[in-house]
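The next block holds one structure in the form of structure tokens; read it before the comments.
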Amino acid sequence: MTRFAMGFEPAAARRSWWAVWLAGVAGLCLGAAALFAQGLDPSALLRPATDTWPTYNGDYSGRRYSPLDQINAANIGALTLAWVYRARGAEIKSTPLEVNGILYFTAPDNVWAVDARYGREIWHYHRPSEGDHIGHRGVAMYGEWLYFTTPDAHLVSLRARDGRVRWDRELADPKLGYFSTMAPLVVRNHVIVGVSGDVTDIPGFLDAVDPATGELQWRWYVEPAPGEPGSETWPRNSDAIRHGGGMTWMTGTYDPELNLLYWGTGNPNPVLAGQARPGDNLYTCSIVALNPDTGKLVWYFQPSPHDVHDWDAVETPVLFDAPFGGEPRKLLAQASRNGFFFVLDRTNGRHLLTAPFIDTNWTAGIDSRGRPIRNPDMDPRPDGALVEPASDGATNWMSPSFDPQTGLFYVDARRVFSIFYLTATGKPEGWAGRDRGLWANSTIRAIDYRTGRIVWDHETGPGENSAGILTTAGHLLFTADNEDNLLALDPATGKTLWHLNVNDRLSGSPMTYELDGRQYVLMAAGDTLYAWSLPAGAAAP
Amino acid sequence: MRRWIGSGARGRGDRRVRALPYACGVVAGLTAFSWMLAQAASSGPAERGRRQFQQSCGFCHGADATGARGPDLVRSKVVAHDVNGNLIGEVIRNGRPDKGMPALPLSADQIRDVAAFLHERAREALASNRVPAVYPLARLLTGKAEAGKAYFSGAGGCNACHSPGGDLAHVASKYPPLELEARMLYPRGAQPASVTVTLASGEQVSGRLLHLDEFMVSLREASGWYRSFPRDRVKVEVRDPLAAHEALLGRLTQDDLHNLFAYLETLR
């Protein structure tokens, strides 16, 4: 299934496979259709229709590539506004879901349902809360229900038709420093949900909860229990492993054929002080493959062993099937916050490629397992260490994209320098220091996944970027620069095909859907959601 | 403080005379205020709690409450949920016999003070993701000033734009240490970039660069008027006086950085 959903496949094979798939699934869906009415049958997530965007990344692969091509490189110049929706002061960093003509998107404490054709608000849910309001990525949907995480680390289930609360469960104790910003992921009858919070030294975990009741199905702790495999990467006779951090704050991806869930984990704690936690500190700053039914770890790969710079490895683990080394492979690729691009065999976690996607100064080479080797000269210190990249990283939450038409992986990257000060005296706790930013410059980069070679580079201006990326079958790449311009680029060359100054930053990721034969591309800048399409009635070439 | 008034007022003639009583008043006020703060800190509940804690609890939980034989209380769930000693007091009064902690005969006031101390310790950990604005110079001074001086005029090439007796005279007195270190590396906004735009006609327009992106460039001319141009129809030449700093960021070793900083700190 995923081989076809995610890879390069001849059109004929795709059609014949579709026939088999439809025959097999139709029977199952008939019964479910009545049950889910205008909601979302979770089996639809296996092959999202082009009139929906039913999960954070659009589909399980995390490629953020849409097969829609009505808006394309030939007609992009005619792009016009279909409608605008303003969230009145709330910065929209989330990716909207679109199901049955309704958009669902978020900001901390807020969920909106908006008509996907006309931009009219259907309902708005507001739940004031304590906790960190740094941002919010969006909701998940199962049947007629939405799943929304909160700054006080709750998971709230809302009825999609009117935004009424069905239940509201605490995921983790907010008094200990937990909060949650991520968009949960639905896999069959599991709602997979993660947590944030690295200011206090609390353990990270990933939960699966029952979609109907919110009851816990399993919890996977980022730190193994003492004595379990991985615990040897923490000091013995110390409480470090129980306070090791590793937050699960970005939405992962899923391969239905392998039945594996892929998730990135955050930095270890105390954040900048590694001396109290010698060792690799598994499974922080890692990409892990879990069984979604049991929460058991199947394999792992660690982009930043023993991190001391806050370089979470939570960036989307993107899944695609493509040739590598002359053979068709099931791949997983991540452009990680530490500045390195990793390609793995996602069936077993075997490392295939490590390559820098931007300049960094913190490594002393790559080890035999494909992991960057930390240069201790670049560790935070009381008198300051000049390091590239800064703690915000060479990239961050902004969505990357993989375009099967070009075979290129796209990342919103930046060069950024800062000085890391280790300020703790006595036993380090919490962050135990901080970096002070000096200079940054941003760029969109296209990476050849087979070699790590940068195929093109499109500068997006001084400072740190925040725009995610969408590619489409219309030979378009949607993103934005640091100067308030929304952009459509040629994914093959990086050349600009369309732009518009909207006087605010894109801080989320673009998404697209087609309704009544009309394709829409949505991009949120600041508190405003813009829906772009071709002029109504214009015939698509 | 006093040094600032002295040097700042020098050379301003009789204005110094009028400013002096006012300045003295401000200094006296500030001194009194900081004294009051210091008194509050040394006699407030958190400070009393610190002494009480060290005496009654420090042996097991560590003098700074980060744990020894007993657990780390800065990261404690009980402390996180406690309000004015309501939960901490329970543990102190009853002990934790199952874990070997005896009950302690502290008064209600003493318990409130200990709770105030533990909450302050937790707040300190929460605030540890910031570099304190006042950061001890001694911790930053790990380099060799002589080596820094050599780098300034040698490999660093700093002397191409700067001189210790000119623009950098007394620079260490002008900025707090952390600020000086950051500005030494990249003095953001210190000097604006200038730009020359050449139009298709050959006409040239120069001024202070206001905005530059892929699509347009704008500038302010010496006359004060704003001008903007499309990038695809003009030639743009930017002169960024900070370009050398940008290049240096990628070249500096940690030793260069600390040596250079130690040298700048001698320019008082």
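Numbers restart at 1 for each chain; the letters A, B, ... are given by sequence-line order, proteins then strands. The structure presented is a predicted model; accordingly, all values stated were derived computationally and were not measured.
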Chain A contact via [X] - side chain, backbone, both or neither, heavy atoms under 4.5 Å:
X      : answer
B:H211 : side chain
B:F261 : neither
B:L185 : side chain

Select, from [options], the one with the greatest count of heavy-atom pairs under 4.5 Å involving chain A.
options                       : answer
B:L178, B:L252, B:L257        : B:L178
B:L141, B:L242, B:D255, B:V74 : B:V74
B:P187, B:A80, B:G67          : B:A80

Charged tip of A:R219 within 45° of A:F205 ring normal and under 6.0 Å: yes
Axial cation check for B:Y135 ring with B:R139, 6.0 Å and 45° limits: yes
Measuring heavy-atom distances to chain B, does [X] have an atom under 4.5 Å in its side chain, in its backbone, in both, or in neither?
X      : answer
A:A432 : backbone
A:N361 : neither
A:P428 : backbone
A:N482 : neither
A:N441 : neither
A:E388 : neither
A:T425 : side chain
A:L386 : both
A:L272 : neither

A:F357/A:F340 aromatic ring centres below 6.0 Å: no
Pair A:L489-A:L476, side chain to side chain contact (heavy atoms under 4.5 Å, CB included): steps then yes or no: CA-CA 6 Å; A:L489 309 181; A:L476 292 171; over 6 Å; no
Residues of residues 122-130 of chain B contacting chain A, heavy-atom criterion under 4.5 Å, by residue number: B:A125, B:L126, B:S128, B:N129, B:R130
Contact check, side chains of B:Y186 and B:L248, non-hydrogen atoms, under 4.5 Å: no
Check against side chain to side chain contact (heavy atoms under 4.5 Å, CB included), A:H309 and A:V387: CA-CA 9 Å; A:H309 296 101; A:V387 183; 4.0 Å; yes
B:E90/B:R96 ion pair, N-O < 4.0 Å: no
Basic-acidic side-chain contact under 4.0 Å: B:D72, A:K427: yes
